[in-house]
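Beneath this line is the structure, given in C-alpha cells, with notes to follow.
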Amino acid sequence: MSEPKSDSTNPSAKPTYKDSLHLPKTAFAMKANLIQAEPQSMKRWEDSHLFGRLQVAREAAEPFVFHDGPPYANGPIHMGHMLNKVLKDFVVRGALMEGRRVRFVPGWDTHGLPIEHKVMTELHEKGKTAKLDTLAPEQRHMAIRRECAAAATKFIGLQAEQMKRLLTIADYADPYYTLMPGYESKTLEVFADLVDQGVVVRALKPVHWSIANKTALAEAELEYEDREDLSVYVDFEAADRAKVAAAFGLITESPAEVAAADTDAEVDESRFLDVTPSFMIWTTTPWTLPANLAIAVHERFRYALVEIDGNTTIMASELVEKVAKKAGAEKVLVRAETDGAKLVGLAYRHPFCAREGRIVAADYVTLEDGTGLVHTAPGHGADDYRTGLREGLPAYCPVREDGTYDDSVPEWLRGKSIWTANAEVAEHLRASGHLFYDHKFMHSYPHDWRSKTPVIFRATEQWFIGVDVPVKRDGKTLRARALEAVEKEVAFTPEWGRNRMRGMLESRPDWCISRQRSWGLPIPAFRGADGKTFLTSASVRAIAKRFAEKGSDAWFTESPAELLAHYDVAGDPHAPAGFDITALVKLHDIFDVWFEAGSSWNSVLRARNIGYPSELYLEGSDQHRGWFQLSLLPALGATGIAPYKRLVTHGFIVDKEGRKMSKSIGNTIDVEALLKEFGADVCRWWVAGTDYENDIRADLEFFKVAGESYRKVRNTIRYLLSNLDGFDASETDSILEGIADTSLEAWVLAQVAGVEEVVRRAIVACSFREAQQAIYTLCNETLSSVYCAATKDRLYCDPARSVRRRRAQAAMYRTADALCRMLAPFLPHTADEAFRALTRDETACVHLERHRTLVQPCHPRWTEVLALREVVHAALERAKASGIENPLDAGVMLPEAHHHLQPFVEDLPDIFGVSRVVMAADQSAIEIVDLRGEPRCERSWKRDGSVRQRSDGGLLSDRDAEAVGVA
RNA sequence: GCGCUAGUAGCUCAGCUGGCUAGAGCACACCCCUGAUAAGGGUGAGGUCGAAGGUUCGAGUCCUUUCUGGCGCACCA
C-alpha cells in the first residue's frame, strides 16, 4: 500500500489520496479491435490444434451427433450462410461447453445444374462450346465435368475461408464434398438399399426437350422468345350423345317418338338434341394432338351446349361470345348449360386416332384463353402429366428424341417432324370437319438457350423413388412412414414446421431422381442386349465399390466390364437371364443432386462412424421441402429410421423494410464487408440476438446496435478483470466457502448461478436469444448497475487484504470465469481473450473448458432489498429538487416497515449508493437526509459520520484512516 | 391461386392454456459522476397491440374477413 502523497514543494497543501486507492487495472483493452485480433485467435487455435485436442480430450465423453447440411458451392457466402453457420456453431460450441464429444463435419454440395450452367455459360462466352460439341459424348461429359469440378473446388475453398472467418469450429481439415469418391460410393449404397426395398421405379415423365441437342433441359436453360404458332380450335366428337344430353338436361328421343309413346306428354322441342355434339378444345401446339388422352374441365365452371353456325359443340359459357367473335361466327345459340362437374367422365372420340378419351377435372383450367376445355396430353405437359397420373393415364409420347413421330401415330404422320406436322394436323382436321377455327399468332415460347431453337415437352423414361410403393421391410410406403415420423418421431423448432412438412409430404409426387446432365453422380444403369434396363441392387453395390476406388468419372472412362469388376452375376438373384456383360451399354442419366445431399446421413454420419441419427438438422425453412424431406425419404427407405431427431429452422434475411434481399433491388449486405467493419464476434452477437424462427430483418444499423451491446458486455468483463489485479485466484474457494447468505457476494453469485442455468438450458433448446438476453442483463444490470457499483467503494478503498475486499474479488473472479464460459459459444474470440486474461495464462483456452455448475444460495429477502433500492433511487431523484444532487451527499432513513432488513444494513449504503443508512424508529416513510453539512472523507468521498481530521492533516473516515495507516 | 408464417412503443423483441392501469433492451430527453472515462450511474417520456367485424362479464391473447411482408408450391394448355 502506498503512502498518501504530500506535495513536497508546498507543505501546506493537503494530502491527496488517489494513489492509495486500488483503482482498476488490466491489460484487457476496452477497445476490442476485433478485425486485427480475431485472425490472431484463429491462428492460435489452429497452431494449437484446438479441434484435434478437443476430439482427444472428449474421446470418452457422451457424443453429440450433429450433421451439417451442405451449402451449394457456387459463389461467396451470403447473409443466409452466415446466419446458418453461426447458428450451427452455437449448437456445436454449446454442446462442447456441456462437455460433449462433437465431431462436426462441414460439407458442400458440389454437383448439379447451377454449377454446370455457370461453367457452360463461361465456355460459351469463351467460344469453346463448338469445340466441345465435336467431342464424343463421353469425352464431352468428361470435359464438362472437369470444368465443373474445378469451379466447385474453387468455391469450396472460398466459402471455407469465409466460414472460418466467422470463427466457426468444425472439422475443416476433413470436410465432406458430394463429389468425393467415398461420398459418391456411400450415396450409391443408399440407392442400392432403396432398390432392395423395391421403391426405385422407372417411368415416363415429360421434360423440356431440345430437339437440336437431343437432350433434356432445365428451367434455367430456357430462354423465352416470341414465336409465331398455329392455334387451333378443335371439335372432339362425343362418344355417347345420350349421356351428353343428360348432362345438359336434354333428351335424345325426338318429340314425335315421345308423343307416340305417351300421348299426354308435353314435349318441349327445344329439349331435343338431334345431333351428336363435340367438345371444343383450343391448343397452340397442334402437334401434340396425336398424344391427346383426355380433356380437362373445371368442375366449378359453367359449360354451354351451343350451336355455332350449325355446329353443335360444348365450351365454357363465359367464353362462347369470345370464341364466336374470334371465329367470325354469325349464328350463335346456347341450347343449354351445365356445371363442369357434370361433364366429368363423359367420353369422346379422338378426331384421327382410333381411340376414345375422357373428360377429366383439373383446377388449372382457366377462362382467360381458349374454350374452357383443355386438351390434355400427359406425355407433353407438366400439368397434363399430373392429371394423367391422377386419372391413371399413361404418359404417352409418340415423339422420338429427334422430334419426329414414331409408328404409333396414324400413318400420314409417321416419321414426320412435329414442326411440319403442325400445319398437316390442322389441314387433316379441316378436311375431316373437326377444325372449327385456326389462326396464326405470336406468343412467348421457350427456346434452348444454346441452340436458340424451340423446345418441346416430351415424356422420357426417368428414374423415380415411388413414395406410395410399400417397402419390403414393413410393407409401409415411404409417404406413410415419413408422415408417421413427422407426426411422432421428430421434434420441430418452431413447432409449426411439423404442419408444414406434413402438408408437403401429403401432396408430394413421386420423386424423379434422374437428370439428363453431365455434372453429377451417374445412375449406374445399363441397357442389355435385350434392350432392357439392367440395374440391380447388387450391380449398384458393385459400382459403388468401383466408384469408391476410381470416383464417378469412371462411368465415363471405363467399359461396363471394368465398372462391374466387383459384380458377381452368379450371386445376384435379380440378374437377368442370359446376362452378357459385353453387350451392356451404359446409360447416361445422373442423380438429382438432392439425392446425393439426401444421402449425407449415410455418406458422412455412418461412413465416418460419427453416429446415427443426428440430434438435429438446422437449416433455413425452405429445406422443409428440400434437404429435410429428401434426407428423410432415402433414410426411411434404407434404414427405417429418420436421420434426425429434431429439426430446427430459421427464416430468411430480409432488409430493413422486410423485403427480401436481392441483387437487383440492391438491398443486399455483403458478408465480407460486414466482417471487415464489425468483426465476427459482433456479427455473431447480432445473430444470437435475432428471432431467427421468422424472417430476420438486417441492416447495417442493427450491427451497430449489436456492437454497442457487445461493448457493454466486454466492458463489464473488463471491469471485473481490472479489479482482480493482484488477486490470487487459488484463494477463491476458501474465501467464498460458507459466506453469509446475506452478503452481497452470496447474492451476486446466486444471480450468476441462475443465469448460468438459464443460458445452458436455452442453448440446448436453441433459444439463443434468451441466452443472450440473460447474459446481457447479467452484465448490464446485476453486475454493472448493482454489484459493481455497490462494491466499488470497498474494492477501491478498503485495505488491500481486507476480508470484505477479497470476498468481492473472489466473487468477481468466479463471475468472470462463468461469463467466459457462457459467452464461449457466442463470442469465441472475446471469451477466449478474456479467459486468458483471467487465468493470466496465454496458453489457456476457454474452448477446452466446460461449464462449472455453480451452486450458491442467497437470502430470500434479497429481492426485497433490490426492490427497496429502486424506491430509494426514486426518492433520491426527488431529493435533487432540494439540492442533493450527488447520492453521496445523502443518507437514508428507513422506517419501521423495513427494519427486518437489519441483516443487510452494513451493505445498504453501498447498495443504495449513499453515504449512510439509518434504521429510524419513529419514521413512517423513507426519508432522504441531507448530509452536505457533514465532513466528507477526502479519500472515499463518503460522509459516513466517522470523518475527522487525521494525523496527516487529511479528513478521513475511520475505514480510510486505517487503510492509509494514519491515526 | 394454394399451403405455412409474421405484423405489439422510433428500432429489436417478451407477453404460456383469454383476466389487475400492455413489459424489456436499445435509441431519445433530463440529471449525476469524472477514481471503469471514446467508460459508469439515476430518472423519465414513448404503444387506440396492422385494419374491420364477432364470441365473451372480460381479448394483444379465441373466431371470421381484410391489408402488408416472408418461405414453399402451382400456373399461363
Side-chain angles (χ1 to χ4, degrees), chain A residues 17-26 30-31 231 281-285 288 295-296 362-366 368-371 373-377 380-384 386-387 443-444 457 494 496-504 506-508 620-626 629 649 651-660 686 689-691 693-697 699 701-702 704-706 708-709 711-712 715-716 718-723 769-770 772-773 776-777 780-781 784-786 788-789 792-793 795-797 870 872-874 876-878 880 884-889 913 939-941:
Chain A
Y17 295 99
K18 187 164 178 175
D19 290 347
S20 74
L21 297 171
H22 318 292
L23 292 180
K25 185 181 165 197
T26 177
M30 182 179 282
K31 192 170 179 331
S231 94
I281 61 98
W282 171 73
T283 182
T284 56
T285 50
T288 63
I295 291 174
D363 50 15
Y364 53 80
V365 175
T366 68
E368 278 162 38
D369 293 299
T371 62
L373 288 101
V374 176
H375 153 55
T376 300
H380 288 303
D383 262 340
D384 308 43
R386 263 184 298 279
T387 301
H443 64 158
S444 160
F457 245 110
W496 53 258
R498 191 188 306 279
N499 248 334
R500 185 168 183 182
M501 206 156 153
R502 187 199 301 121
M504 289 174 171
E506 279 168 352
S507 63
R508 74 150 302 130
S621 62
D622 56 335
Q623 300 304 330
H624 282 115
R625 180 166 286 276
Q629 191 179 142
T649 52
F652 279 69
I653 308 260
V654 294
D655 73 7
K656 208 177 172 182
E657 264 76 50
R659 283 180 319 229
K660 74 165 161 191
W686 173 78
T690 60
D691 179 33
E693 291 184 5
N694 298 115
D695 305 333
I696 300 129
R697 290 176 195 242
D699 189 79
E701 283 301 312
F702 301 176
K704 284 182 192 162
V705 172
E708 291 292 324
S709 167
R711 229 163 290 145
K712 179 79 201 189
N715 220 29
T716 304
R718 175 173 184 265
Y719 184 71
L720 296 177
L721 293 173
S722 71
N723 280 300
R769 183 187 170 84
E770 189 189 343
Q772 191 211 38
Q773 281 194 328
Y776 182 81
T777 305
N780 192 31
E781 291 196 37
S784 188
S785 165
V786 183
C788 293
K792 204 176 218 177
D793 172 77
L795 283 164
Y796 292 3
C797 306
E870 306 271 310
V872 169
H873 277 152
L876 282 167
E877 194 69 19
R878 279 187 304 263
K880 280 182 182 172
I884 312 172
E885 292 191 323
N886 186 339
L888 283 179
D889 289 339
R939 187 163 173 274
S940 67
W941 300 336

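In what follows, chains are A, B, ... by sequence order, proteins preceding strands, each numbered from 1.
Closest to the side chain of E877(A), from the set U5(B), G42(B), A36(B), is G42(B). Checking A24(B), C71(B), G40(B) against the side-chain heavy atoms of E781(A) singles out A24(B) as nearest. Of the candidate nucleotides C31(B), A24(B), C75(B), C31(B) has the atom lying nearest to any side-chain atom of E885(A). The side chain of W941(A) approaches U34(B) more closely than any other nucleotide in the set U34(B), C76(B), C32(B). Between C75(B), G40(B), G72(B), one nucleotide has an atom nearer to the side chain of S784(A) than all others, and that is G40(B). Each of A36(B), C71(B), G35(B) was ranked by its minimum atom distance to the side chain of F652(A); first place goes to C71(B). The listed nucleotides are G40(B), U37(B), G42(B); the one nearest the side chain of H873(A) is G42(B). Among the nucleotides C71(B), C73(B), G41(B), the one closest to any side-chain atom of K880(A) is G41(B). Each of A36(B), C71(B), C4(B) was ranked by its minimum atom distance to the side chain of W496(A); first place goes to C4(B). The side chain of Y796(A) sits closest to G35(B) out of A38(B), G35(B), G41(B).
Counting to the nearest Å, the C1' atom of C2(B) and the CE atom of M504(A) are 11 Å from each other. The CG-P distance, from D622(A) to C71(B), rounds to 9 Å in whole Å. Between D889(A) atom CG and U34(B) atom P there is a gap of 10 Å when expressed in whole angstrom units. When rounded to the nearest whole Å, the span between CG of D699(A) and P of A27(B) equals 16 Å. In this entry the distance linking CZ of R659(A) with C1' of U68(B) reads 12 Å, nearest Å. One can place CD of E770(A) at 18 Å from P of A24(B), the figure rounded to the nearest angstrom. Nucleotide G35(B) holds its C1' atom 15 Å from the NZ atom of K25(A), rounded to whole Å. When rounded to the nearest whole Å, the span between CG of N715(A) and P of A36(B) equals 11 Å.
Residue N723(A) is out of contact with every strand shown, counting any heavy-atom pair closer than 4.0 Å. Nucleic acid contact for R711(A): none, since no nucleic acid atom lies under 4.0 Å from a heavy atom of the residue.
Rounded to a whole angstrom, the distance from the C1' atom of G18(B) to that of C63(B) is 13 Å. Nucleotides C62(B) and C73(B) place their C1' atoms 30 Å apart, quoted to the nearest Å. On the P atoms, U56(B) is 32 Å away from U68(B), given to the nearest whole Å. Separating the P atom of A74(B) from that of A9(B) is a span of 37 Å, rounded to the nearest Å. Using atom C1' as the reference point in both A6(B) and G42(B), the two lie 38 Å apart (nearest Å). Look at the P atom in both U34(B) and C26(B): the space between them is 23 Å, to the nearest Å. G40(B) sits 10 Å from A27(B) when the P atoms are compared, rounded to a whole Å. Taking atom P in both U37(B) and G60(B), the straight-line distance is 48 Å, to the nearest Å.
Distance alone, capped at 3.5 Å, places no donor-acceptor pair between the R508(A) side chain and the Q629(A) backbone. A donor-acceptor contact shorter than 3.5 Å links the side chain of S507(A) to the backbone of G503(A).
Across all strands shown, G10(B) is found opposite C26(B) as a Watson-Crick or G-U wobble partner, with both distances under 3.5 Å. In this structure, C4(B) forms a base pair with G70(B), meeting either the Watson-Crick or the G-U wobble geometry with both donor-acceptor distances under 3.5 Å. If you check G35(B) for Watson-Crick or wobble pairing at under 3.5 angstrom, you find it has no partner at all. Base pairing of G58(B) is not made with any nucleotide, judged by Watson-Crick or G-U wobble geometry with both donor-acceptor distances under 3.5 Å. Here G47(B) sits opposite no nucleotide as a Watson-Crick or G-U wobble pair (both hydrogen-bonding atom distances under 3.5 Å).
Side-chain nitrogen and oxygen atoms of Y719(A) include none within less than 4.0 Å of the OP1 or OP2 phosphate oxygen of U37(B). Using a 4.0 Å cut-off, no side-chain N or O of K792(A) falls inside it from OP1 or OP2 of G41(B). Side-chain nitrogen and oxygen atoms of T777(A) include none within less than 4.0 Å of the OP1 or OP2 phosphate oxygen of A24(B). Taking 4.0 angstrom as the limit, S621(A) places none of its side-chain polar atoms (N or O) nearer than this to OP1 or OP2 of U5(B). Between C26(B) and Y776(A), a contact under 4.0 Å exists linking OP1 or OP2 to a side-chain N or O. Distances shorter than 4.0 Å separate some side-chain N or O of K18(A) from OP1 or OP2 on G35(B).
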For this session: Could you go through the side-chain contact (heavy atoms from CB on, under 4.5 Å) check for N723(A) and Y796(A) one step at a time?
Result: CA-CA 9 Å; N723(A) 280 300; Y796(A) 292 3; 3.9 Å; yes
Just the table, please: protein N/O against nucleotides 44-46 of chain B N/O, every pair under 3.5 Å.
none

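Across H375(A) and W282(A), no two heavy atoms sit closer than the pair CB-O, 4.5 Å. Across G913(A) and P887(A), no two heavy atoms sit closer than the pair O-CB, 3.3 Å. Closest of all the heavy-atom pairs between R697(A) and K656(A) is NH1-O, 2.9 Å.
Residues satisfying the side chain to side chain contact (heavy atoms under 4.5 Å, CB included) test with T285(A), not counting sequence neighbours, are T283(A), W287(A), T288(A). Partners of Q773(A) according to the side chain to side chain contact (heavy atoms under 4.5 Å, CB included) rule, which considers only residues two or more places apart in sequence or in another chain, are R769(A). Not counting sequence neighbours, the partners of F457(A) by the ring pair (Phe, Tyr, Trp, His ring centres under 6.0 Å) test are H208(A). In this view, E506(A) satisfies the salt bridge (Lys or Arg N to Asp or Glu O under 4.0 Å) rule with no residue, not counting sequence neighbours. In terms of the salt bridge (Lys or Arg N to Asp or Glu O under 4.0 Å) criterion, D695(A) has no residue partners (sequence neighbours excluded). For the side chain to side chain contact (heavy atoms under 4.5 Å, CB included) test, residues two or more places apart in sequence or in another chain that qualify with N499(A) are R502(A). Checked against side chain to side chain contact (heavy atoms under 4.5 Å, CB included), E701(A) has the following partners two or more places apart in sequence or in another chain: D699(A), K704(A).
The CD atom of Q772(A) sits 9.5 Å away from the OG1 atom of T777(A) when rounded to the nearest 0.5 Å.
Taking 3.5 Å as the limit, the base of C71(B) and the side chain of R500(A) contain a donor-acceptor pair of atoms between them.
Nucleotide G69(B) is shown with an anti base, its glycosidic torsion being more than 90° from 0.
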Problem set entry | Base-contact (B) and sugar-phosphate-only (S) positions in nucleotides 7-15 of chain B, heavy-atom cut-off under 4.0 Å, - elsewhere | ----SBSS-
